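Note that this is a predicted model, so its numbers are computed, not measured. Every chain is numbered from 1 and lettered A, B, ... according to where its sequence line falls, protein lines coming before strand lines.
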There are 2 protein chains.
Amino acid sequence: MNIGQAAAASGVSAKMIRYYESIGLIPRTVRTESGYRVYSDRDVHTLRFIRRARDLGFSVEQIADLVSLWHDRERASKDVKTIALEHVGVLERKIRELQEMASTLKHLATNCHGDARPHCPIIEELANDEAVPPPLKPDAKFGPLGKSPAR
Amino acid sequence: MNIGQAAAASGVSAKMIRYYESIGLIPRTVRTESGYRVYSDRDVHTLRFIRRARDLGFSVEQIADLVSLWHDRERASKDVKTIALEHVGVLERKIRELQEMASTLKHLATNCHGDARPHCPIIEELANDEAVPPPLKPDAKFGPLGKSPAR
DNA sequence: CTTGACCTTCCCATGATTGGAAGGATTACA
DNA sequence: TGTAATCCTTCCAATCATGGGAAGGTCAAG
């Protein structure tokens, strides 16, 4: 089967299949004489695995780990669970961040008349100089305080 | 004040200040003889505005709109509110997406022993070929039924 | 044999941000 | 005054996962 058919069958675009191959997430496939990539049902199965992991928001790096655990019959389920829970942690942190943004905005919007007049608490809050921006750099070289990702 | 001081005072990195200038979000500043950018308290105020909007997850494009509404004394608060609520919609959609991922994963992880044995519902679900990947592209332009998908 | 749909590789763009190199300017201190 | 440290400048690259598109080769049906 050609790459287009593998793409349709797996839900992973041809572009991404080539990309995954280029970064070593999936092995190089057999080629026809003329250079076309050839895929087996087994390959499609792997691509579907990847697709599902991607849909769950795993990074390519994590997916690589998951695929290798998948193929490892001696794996410890603990290793899989660890990756999954770590990812859950990241997801929940992000969710909380977004929820905070949304609730702040909703609160501001509630107090905004939303009419033709210029008075607007949303703009006012953005322009409010009281809000103290946290220091840009934690002033590096401090002991191991645990990096705060993002921003 | 130099860019570094403006950065410290506003919470926007010098890198980003230059970037915002390059894309026209903020106007080009005055320069010293030797080419150093010079910032006023007013500029810092604008940067703080931007910083706060960014913290609320607005895109640079939206921030540009907000800044221009900010400076427009004739603005209709409706216009600001529209941008804010639109953004809330995006945030909430993303939150729901992430929550779905997290809850699926948590459910799977709950059923995973997380021990040294290989049996793992997480991997099994990822490998589950029943889950149907939604079609990649709506597959436009095909006449009534193109080639047989060789499946 | 032509047509059109497929495939190949290669480069570019996204968004917001950081990192770094090369080199000039300013400041601090001995 | 010399010099080192710390700023500043511009420019280029990388991130992450993905899509767009060009230029050109291949394949199957008509």
Side-chain angles (χ1 to χ4, degrees), chain A residues 1-26 28-39 47 50-51 53-64 87 90 94 97 101 136-141 147-151, chain B residues 1-26 28-39 47 50-51 53-64 87 90 94 97 136-143 145-150:
Chain A
M1 143 178 32
N2 284 339
I3 198 172
Q5 290 160 330
S10 66
V12 177
S13 73
K15 279 273 190 194
M16 289 313 296
I17 295 176
R18 293 195 197 96
Y19 171 69
Y20 290 153
E21 182 188 308
S22 82
I23 62 171
L25 175 57
I26 55 178
R28 276 180 225 87
T29 62
V30 182
R31 303 283 189 119
T32 64
E33 280 178 27
S34 51
Y36 283 24
R37 289 173 180 79
V38 175
Y39 295 88
L47 287 171
I50 290 170
R51 169 73 202 277
R54 198 192 59 182
D55 284 348
L56 288 171
F58 285 103
S59 69
V60 165
E61 201 185 346
Q62 288 173 313
I63 294 176
H87 183 45
V90 172
K94 185 150 257 171
E97 236 176 69
M101 293 178 189
L136 204 49
K137 283 188 177 177
D139 231 339
K141 80 177 58 167
K147 65 279 171 86
S148 57
R151 198 195 312 142
Chain B
M1 122 181 50
N2 284 339
I3 198 170
Q5 291 160 326
S10 66
V12 177
S13 72
K15 280 273 191 195
M16 289 313 296
I17 295 176
R18 293 195 198 95
Y19 171 68
Y20 290 152
E21 182 189 308
S22 82
I23 62 171
L25 176 57
I26 56 179
R28 275 178 227 87
T29 63
V30 182
R31 303 284 188 119
T32 66
E33 281 179 27
S34 50
Y36 284 23
R37 289 174 180 79
V38 175
Y39 296 88
L47 287 169
I50 290 169
R51 169 74 201 278
R54 197 192 60 180
D55 284 347
L56 287 171
F58 285 102
S59 69
V60 166
E61 201 186 346
Q62 288 174 313
I63 294 176
H87 182 45
V90 172
K94 184 151 259 168
E97 238 176 68
L136 207 48
K137 282 188 178 180
D139 229 343
K141 84 174 56 169
F142 273 7
L145 277 200
K147 65 279 168 98
S148 49

Quickly, which of A:R37, A:K15, A:R28 forms a salt bridge (Lys or Arg N to Asp or Glu O under 4.0 Å) with A:E21? Name it, please. A:R37
OP1, OP2 of D:dT18 versus side-chain N and O of A:S13: anything below 4.0 Å? no
Specify the separation, in whole Å, of atom CD1 of A:I17 and atom P of C:dC6. 14 Å
Between atom CE of A:M16 and atom CD1 of A:I23, what is the distance when rounded to the nearest 0.5 Å? 7.0 Å
Do A:Y20 and A:I63 come within less than 4.5 Å of each other through their side chains, counting heavy atoms only? no
Mind listing the N/O atom pairs, protein and nucleotides 14-17 of chain D, below 3.5 Å?
residue, atom, partner, partner atom, Å
D:dA17, OP1, A:V60, N, 2.8

Enumerate all atom pairs, one protein N or O and one N or O from nucleotides 3-8 of chain D, separated by less than 3.5 Å.
residue, atom, partner, partner atom, Å
D:dC7, O2, B:Y36, OH, 3.3
D:dC8, OP1, B:G4, N, 2.5

Nearest non-hydrogen partners of B:Y39 and B:T29, listed with the distance: CE2-CG2, 3.3 Å
Side-chain contact, heavy-atom cut-off 4.5 Å: B:I17 with B:V12? yes
For A:Q62, is there any backbone N or O sitting under 3.5 Å from a side-chain donor or acceptor partner on A:H87? no
Enter the distance from B:L56:CG to B:R51:CZ here, rounded to the nearest 0.5 Å. 10.5 Å
All N/O pairs under 3.5 Å across the protein-nucleotides 20-22 of chain C interface:
residue, atom, partner, partner atom, Å
C:dG20, O6, B:K15, NZ, 2.2

Shortest non-hydrogen pair, B:A7 vs B:A14, comes out as CB-N, 3.6 Å
Would you indicate whether A:R31, at its atom CZ, is surrounded by more than 12 heavy atoms from other residues, nucleotides or ligands within a distance under 6.0 Å? yes
Whole Å only: how far is the CD1 atom of B:I26 from the P atom of C:dA16? 15 Å
Separation of B:L25 CG from B:I50 CD1 (nearest 0.5 Å): 4.0 Å
Contact under 4.0 Å: B:S34 side-chain N or O vs C:dT26 OP1/OP2: yes
Separation of C:dT17 C1' from B:E21 CD (nearest whole Å): 17 Å
